[in-house]
Chemist: 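I'd like to ask you about the structure that follows.
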There are 2 protein chains.
Amino acid sequence: MIRVVIAEDQAMVLGALAALLEIEGDFDVVGRAADGEMALTLCMETKPDVLLTDIEMPKMTGLELAAAVRKQAPGTRVIILTTFARAGYLRRALDAGANGYLLKDSPAERLANAVRLVHQGGRAIDPELAAEAWSEPDPLTDRERQVLRMAGDGQTSADIATSLRLSEGTVRNYLSEAISKLGAANRIEAARIAREKGWL
Amino acid sequence: MIRVVIAEDQAMVLGALAALLEIEGDFDVVGRAADGEMALTLCMETKPDVLLTDIEMPKMTGLELAAAVRKQAPGTRVIILTTFARAGYLRRALDAGANGYLLKDSPAERLANAVRLVHQGGRAIDPELAAEAWSEPDPLTDRERQVLRMAGDGQTSADIATSLRLSEGTVRNYLSEAISKLGAANRIEAARIAREKGWL
DNA sequence: TCCGGCACATGACAGAAGTCATGGTCGCCG
DNA sequence: CGGCGACCATGACTTCTGTCATGTGCCGGA
């Protein structure tokens with residue numbers, strides 16, 4: 001039996017994933033956590049073979065959790081399971097010591113196999129992502145990203161200029177460059193595109 | 001046996017939900033759909049007792065799907081299962097003829113009971129949401145909503161005016177009214193607020 | 001060392017966005 | 001019928017946005 005802890009903030013999905021593994025017969029779900037801190041505690045108490053975790057959770061993200069588990073419960077191997085096919089996330093997950101990275105978009109059958117593979121010492125990277133990881137990199141500079149994020153929340157150029165202690169013209173210029181780099185027609189579209197690519 | 005079709009765009013979650021129901025013993029998952037159109041086709045072919053559907057899906061939203069199923073497969077009862085505790089969604093779901101509305105945040109045990117309840121002719125509204133449903137109603141008119149949605153995607157007033165065969169001034173006026181009704185400072189913030197409330 | 005490339009920064013100007021006053025149409029109620 | 005309120009529609013006016021020309025400082029390669 002492979003002993004598994006699952007961390008996922010949507011209770012319904014958490015329960016469903018547990019059912020999905022238990023129906024296979026060779027998994028024992030020894031812990032369920034609704035946030036990162038609870039997951040870390042559970043991992044230290046139960047020393048599971050595998051931790052399956054979402055990224056976006058309250059209190060501690062799955063990426064922080066992966067790093068903490070690697071330090072404090074080194075026998076446990078970590079699989080990240082998330083909605084987001086963002087190249088940046090995969091890189092940070094591997095840096096944090098994760099042994100697997102799956103997308104919620106990929107078929108359910110893949111989950112059990114990935115857990116088995118990682119338990120045996122292998123790696124399980126979602127193929128959809130492995131390709132995308134080497135695709136177009138974020139073209140935005142730090143300032144452009146910062147300004148675009150604020151503009152996407154509805155702040156005016158003047159608001160942003162005040163917050164960042166810049167002139168209004170400068171802010172508009174960053175936005176203009178971001179708009180041009182992303183092939184957008186205005187700040188709204190630019191923010192939407194950047195968000196979709198995971199660059200904000 | 002209660003015959004169920006599930007519609008959910010994240011394949012992993014779809015599979016997990018199916019496992020969750022099948023493990024109970026009294027459900028038969030007769031169809032799985034990754035988008036709204038596929039779900040509608042499946043419902044017309046298999047005439048399930050209950051359709052369990054997400055809201056945000058490609059091609060056809062869960063709300064549109066609920067309305068279509070009510071018309072074209074009236075024997076099938078519909079439960080909406082979604083992440084979003086937005087009052088506007090619940091209201092529109094009930095208007096569309098849904099018999100249940102569950103949140104992915106609520107415990108997994110509740111799902112099976114809700115499906116059984118709805119199958120017996122009852123209603124299953126998530127208690128977290130039932131209270132919130134009677135809060136502030138959508139203040140936007142049809143035109144305002146339509147224009148705000150397009151503006152929120154990054155279209156300019158001129159684009160929108162052309163699409164809807166209006167003068168540019170009219171479009172700007174609708175946006176101005178929406179901005180004022182929502183207490184926003186500009187179209188971007190207005191679109192964000194409306195989206196969060198489930199009014200778009 | 002000198003130059004080119006890059007990120008950062010600014011202001012002037014044309015064009016888009018937001019506000020306001022105004023008027024039209026429809027349905028509803030006294 | 002007449003008045004009222006809600007929604008739809010428009011143009012004039014002010015404010016905000018997006019673009020462009022310009023300039024600075026910093027780093028790495030020839």
Side-chain angles (χ1 to χ4, degrees), chain A residues 87-88 135-200, chain B residues 87-88 91-92 95 134-200:
Chain A
S135 65
E136 45 174 351
D138 185 348
L140 302 175
T141 69
D142 288 346
R143 280 302 210 196
E144 285 160 7
R145 188 181 0 271
Q146 188 177 25
V147 167
L148 186 56
R149 195 181 302 125
M150 298 172 86
D153 287 342
Q155 295 194 55
T156 65
S157 303
D159 292 343
I160 300 171
T162 306
S163 303
L164 302 182
R165 317 241 167 118
L166 292 174
S167 93
E168 213 179 309
T170 306
V171 171
R172 287 203 299 276
N173 187 45
Y174 288 145
L175 284 171
S176 179
E177 283 175 15
I179 288 164
S180 139
K181 283 179 179 175
L182 298 176
N186 54 50
R187 57 178 68 192
I188 309 174
E189 207 183 339
R192 190 171 54 72
I193 293 172
R195 237 186 286 272
E196 280 168 8
K197 300 263 189 184
W199 293 335
L200 278 195
Chain B
R91 179 171 303 257
R92 279 156 64 196
D95 287 349
W134 310 112
S135 62
E136 44 176 350
D138 184 348
L140 302 175
T141 69
D142 288 345
R143 279 304 210 195
E144 285 161 7
R145 186 179 5 268
Q146 188 178 25
V147 167
L148 187 55
R149 195 181 302 125
M150 298 173 86
D153 287 341
Q155 294 194 57
T156 66
S157 304
D159 292 343
I160 299 171
T162 306
S163 302
L164 302 182
R165 318 244 166 114
L166 292 174
S167 93
E168 212 180 309
T170 307
V171 171
R172 287 205 298 275
N173 188 45
Y174 288 145
L175 284 170
S176 179
E177 282 175 15
I179 288 164
S180 137
K181 283 178 179 174
L182 298 176
N186 53 50
R187 56 178 69 192
I188 310 173
E189 206 182 339
R192 189 172 53 75
I193 292 172
R195 238 185 287 271
E196 281 169 7
K197 301 262 189 181
W199 293 336
L200 278 195

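Numbers restart at 1 for each chain; the letters A, B, ... are given by sequence-line order, proteins then strands.
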Chemist: So does B:R172 get a backbone contact from the side chain of B:S176, meaning a donor-acceptor N/O pair under 3.5 Å?
Modeler: no

Chemist: State which residues pass salt bridge (Lys or Arg N to Asp or Glu O under 4.0 Å) with B:R195; sequence neighbours excluded, sorted by chain then number.
Modeler: none

Chemist: Polar-atom pairs under 3.5 Å, protein N or O versus N or O of nucleotides 16-22 of chain D: list them with distances, or write none.
Modeler:
unit_1: D:dT17; atom_1: OP1; unit_2: A:S157; atom_2: N; d: 3.4
unit_1: D:dT17; atom_1: OP2; unit_2: A:S157; atom_2: N; d: 3.3
unit_1: D:dT17; atom_1: OP2; unit_2: A:S157; atom_2: OG; d: 3.2
unit_1: D:dG18; atom_1: OP1; unit_2: A:R187; atom_2: N; d: 3.1
unit_1: D:dG18; atom_1: OP2; unit_2: A:R187; atom_2: NE; d: 2.4
unit_1: D:dG18; atom_1: OP2; unit_2: A:R187; atom_2: NH2; d: 2.7
unit_1: D:dG18; atom_1: N7; unit_2: A:R172; atom_2: NE; d: 2.9
unit_1: D:dG18; atom_1: O6; unit_2: A:R172; atom_2: NE; d: 3.0
unit_1: D:dG18; atom_1: O6; unit_2: A:R172; atom_2: NH2; d: 3.2
unit_1: D:dT19; atom_1: OP2; unit_2: A:S176; atom_2: OG; d: 2.8
unit_1: D:dC20; atom_1: N4; unit_2: A:N173; atom_2: OD1; d: 3.2

Chemist: Are the side chain of A:E189 and the backbone of A:A185 linked by a donor-acceptor contact shorter than 3.5 Å?
Modeler: yes

Chemist: Encode nucleotides 23-29 of chain D as B, S and - characters from 5' to 3', where the letter depends on protein heavy atoms closer than 4.0 Å: B to the base, S only to sugar-phosphate, - to neither.
Modeler: -------

Chemist: Strictly by modelled atom types, are A:R143 and A:T170 linked by a side-chain donor-acceptor pair under 3.5 Å?
Modeler: no

Chemist: Indicate whether any N or O donor in one side chain lies under 3.5 Å from an N or O acceptor in the other, for B:D159 and B:T156.
Modeler: yes

Chemist: Thinking salt bridges, do B:D95 and B:R92 make one under a 4.0 Å N-O criterion?
Modeler: no

Chemist: Return yes if some donor-acceptor pair links the side-chain N/O of A:D153 with the main-chain N/O of A:M150 below 3.5 Å, else return no.
Modeler: no

Chemist: The criterion is side-chain hydrogen bond (donor to acceptor under 3.5 Å, both in side chains); which residues satisfy it with B:N173, sequence neighbours excluded?
Modeler: B:E177

Chemist: For residues 141-151 of chain A, which residues have at least one heavy atom under 4.0 Å from DNA chain C?
Modeler: A:T141, A:R143

Chemist: So how far off straight is the helix from C:dT1-D:dA30 to C:dG30-D:dC1, going by the axes through five pairs at either end, to 10°?
Modeler: 20°

